[in-house]
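Hydrogens, waters and symmetry mates are skipped; everything else that's a heavy atom, side chains included, is used. Counting starts at 1 for both ligands and their atoms, in listed order.
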Amino acid sequence: MTIHAGRHAIVAGGGIGGLTAALYLARAGFRVSILERAPVLEEVGAGLQVPPNASRILDDLGVLEPLQRQALQPQNIRIRRGKDGADLSRLALDDAETRWGAPYLAAHRADLHRALLDRVALEPAISLYLDRAVAGCQIRGQEVQVGIRRGPLRLSETADLLIGADGLHSAVRARLYAQDPLTFSGLTAWRGLIDARAAPASLRLPESNIWFGAKQHLVHYPIRAGQCVNVVAIIDDTWTAAPNAQDWDTAADAGTVTARFARWHQDARALIATVPAWRKWPLYERPLIPSYVEDRIALLGDAAHPMMPFLAQGAAMAIEDAASLGRALRATSDIPAALKSYNAMRLQRTQRVQKEAKKQARISHLSGPAAVVRDIGMRMMGQKRLLKRYDWLYAPQQS
Ligand SMILES: Cc1cc2nc3c(=O)[nH]c(=O)nc-3n(C[C@H](O)[C@H](O)[C@H](O)COP(=O)(O)OP(=O)(O)OC[C@H]3O[C@@H](n4cnc5c(N)ncnc54)[C@H](O)[C@@H]3O)c2cc1C
């Protein structure tokens, strides 16, 4: 391992990507300051699927075991048709560890975040500062100067390396890309958590469920060892409010989602009726960018490649980014060269996932004859061939 004695890295953002990056930077010998804009750390009350490509890395960090104590391991992914509940496919996940070398988990976001925070707390090289918003950055010779806002105060800090893990509305990305429009995707995600005792018995099984329908789809899976069921409805929608980093997760009216699913199979309707409170997230897109790095600044996670949630890979890609960043920085003490190598490792794969996730959005929401063709195709393909289509994503990477 290359020793980076006294080298300092600043990580903008204490989300899943930022915390994972900090752990790998510490492993690469850096002193790490995580600057988090929020005055209090709290993850949204929602579920998160942790696929094998992410759980493998969490295992490497010692985070998988504490997470597994609270997460649930779905036995399969069940795909159904919204209007009549017909089964289109069932993909076995119980042999994920044999097939892909790591488990497929369904977790509460807060549990993953907490497991990472607990691991960060054990690492003397990492300091986490709340209520510090990165507001700008500038390369100054061999250093990066980082502008920070703390309430009314304007502060400045220097580092050898800056990682922008500050999400969809990244200030670091804004510094690298001046022309970078944020576009509403035409989809909103409605999320809710149900006490499992209130959910219909057939929907409490340890399965990850996806229902396809015209212009909308539904996902649900149990989390917290089966105590809660996470529900996400994604619908073709309009959104007129200006994108705002502060209020993109808003309370939502249950009547709208109930009406949208009124003609769906009774199981889906029963599930939707039991959600006590919905939160609505407009899904935004940014253009694919030609590079995630500039000199000694790198982007990671949603700051680099925000994606549609249809492959359940946004957080997983942030976790992969962090591991690749660590590997690149351990290989050489030349920071700009290491970041170039990180970029080469990540650009193609993450952009492929972005494109595939968008394609999956279209497939899930097909209607009319196109939906009929999709359903026949899925049934004919069978579970073996369908599962094989995920090998490139879940299996260990070569680089
Ligand atoms: C409906 C839905 C379902 C999803 N399901 C899954 C799933 O099942 N599996 C999966 O892998 N992914 C899923 N995702 C995607 C996943 O949530 C994101 O990709 C992931 O959270 C990105 O992590 P991140 O750390 O890059 O960014 P974020 O989670 O956005 O974290 C960014 C952090 O930076 C902080 N910050 C922002 N600006 C600044 C600043 N200027 N200075 C300092 N700090 C700042 C924020 O407060 C935040 O803490 C889903 C997304 C949606 C919308």
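- Less than 4.0 angstrom separates some heavy atom of Gly17 from each of these atoms of ligand 1: 25 (O).
- Side chains of Ile319 and Val50 form no contact here, defined as non-hydrogen atoms less than 4.5 Å apart.
- Contacts between Arg109 and ligand 1, counted as non-hydrogen atom pairs separated by less than 4.0 Å, involve the side chain only.
- Between the side chains of Gln313 and Asn53, at least one donor-acceptor pair of N or O atoms lies under 3.5 Å.
- Heavy atoms of Ala189 found under 4.0 angstrom from ligand 1 belong exclusively to the side chain.
- By the 4.0 Å N-to-carboxylate-O rule, Asp166 lies too far from Arg173 to be salt-bridged with it.
- Heavy-atom distances between His169 and ligand 1 stay at or above 4.0 Å for every pair.
- Relative to atom 22 (C) of ligand 1, the option among Val134, Asp302, Ile319 with the closest non-hydrogen atom is Asp302.
- Where the criterion is an N or O separation shorter than 3.5 Å, residue side chain and backbone included, Arg37 meets it with respect to ligand 1.
- Residues Ile79 and Phe212 are in side-chain contact: their nearest non-hydrogen atoms beyond the backbone lie under 4.5 Å apart.
- Salt-bridge annotation for Arg90 and Glu207: present, with a side-chain N of the basic residue lying under 4.0 Å from a carboxylate O of the acidic one.
- Close approach to Ile16 involves these atoms of ligand 1, each under 4.0 Å from a residue heavy atom: 25 (O).
- Of the options Met307, Gln49, Arg191, the smallest heavy-atom separation from atom 4 (C) of ligand 1 is shown by Arg191.
- To the nearest 0.5 Å, atoms CG (Leu187) and CD1 (Ile235) are separated by 9.0 Å.
- Of all atoms in ligand 1, numbered sequentially from 1 with element shown, those under 4.0 Å from a heavy atom of Pro309 are 2 (C), 3 (C), 4 (C), 50 (C), 51 (C), 52 (C).
- Taking 4.0 Å as the cut-off between side-chain N and carboxylate O, Glu294 and Arg175 count as a salt-bridged pair.
- Comment: Asp84 engages Arg81 in a salt bridge, judged by a side-chain N to carboxylate O separation of less than 4.0 angstrom.
- Leu58 has its side chain out of reach of Asp60: every pair of non-hydrogen atoms, C-beta onward, lies at least 4.5 Å apart.
- Using a non-hydrogen distance threshold of 4.0 Å, Ala303 does not register as a contact of ligand 1.
- Every N/O-N/O distance between Leu48 and ligand 1 stays at or above 3.5 Å.
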For a salt bridge (Lys or Arg N to Asp or Glu O under 4.0 Å) check, start with the C-alpha distance between Arg99 and Asp391, then their side-chain angles and the critical distance, and finish with the verdict. CA-CA 9 Å; Arg99 189 179 179 99; Asp391 286 348; 3.2 Å; yes
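- Against a heavy-atom cut-off of under 4.0 Å, Gly301 is close to the following atoms of ligand 1: 26 (O).
- Shown in contact with Gln313 at under 4.0 Å from a heavy atom are these atoms of ligand 1, numbered in order with element: 10 (C), 11 (O).
- With respect to the salt-bridge test (charged N to carboxylate O, under 4.0 angstrom), the residues Arg296 and Glu143 do not qualify.
- At a heavy-atom cutoff of 4.0 Å, ligand 1 is contacted by the backbone of Ala165 but not by its side chain.
- Taking any N or O of Ile234, backbone or side chain, none lies under 3.5 Å from an N or O belonging to ligand 1.
- Between Ala171 and ligand 1, a contact under 3.5 Å exists for no N or O pair.
- Ligand-side atoms of ligand 1 in range of Leu283: 53 (C), range being under 4.0 angstrom from any heavy atom.
- Here the rule is side-chain contact (heavy atoms from CB on, under 4.5 Å) with Trp190, and of Val275, Val257, Ile272 only Val257 fits it.
- Interface atoms of ligand 1 facing Leu35, defined by a heavy-atom separation under 4.0 Å, are 43 (C), 44 (N).
- Of the candidates Leu187, Asp166, Ile10, Asp166 brings a heavy atom nearest to atom 36 (N) of ligand 1.
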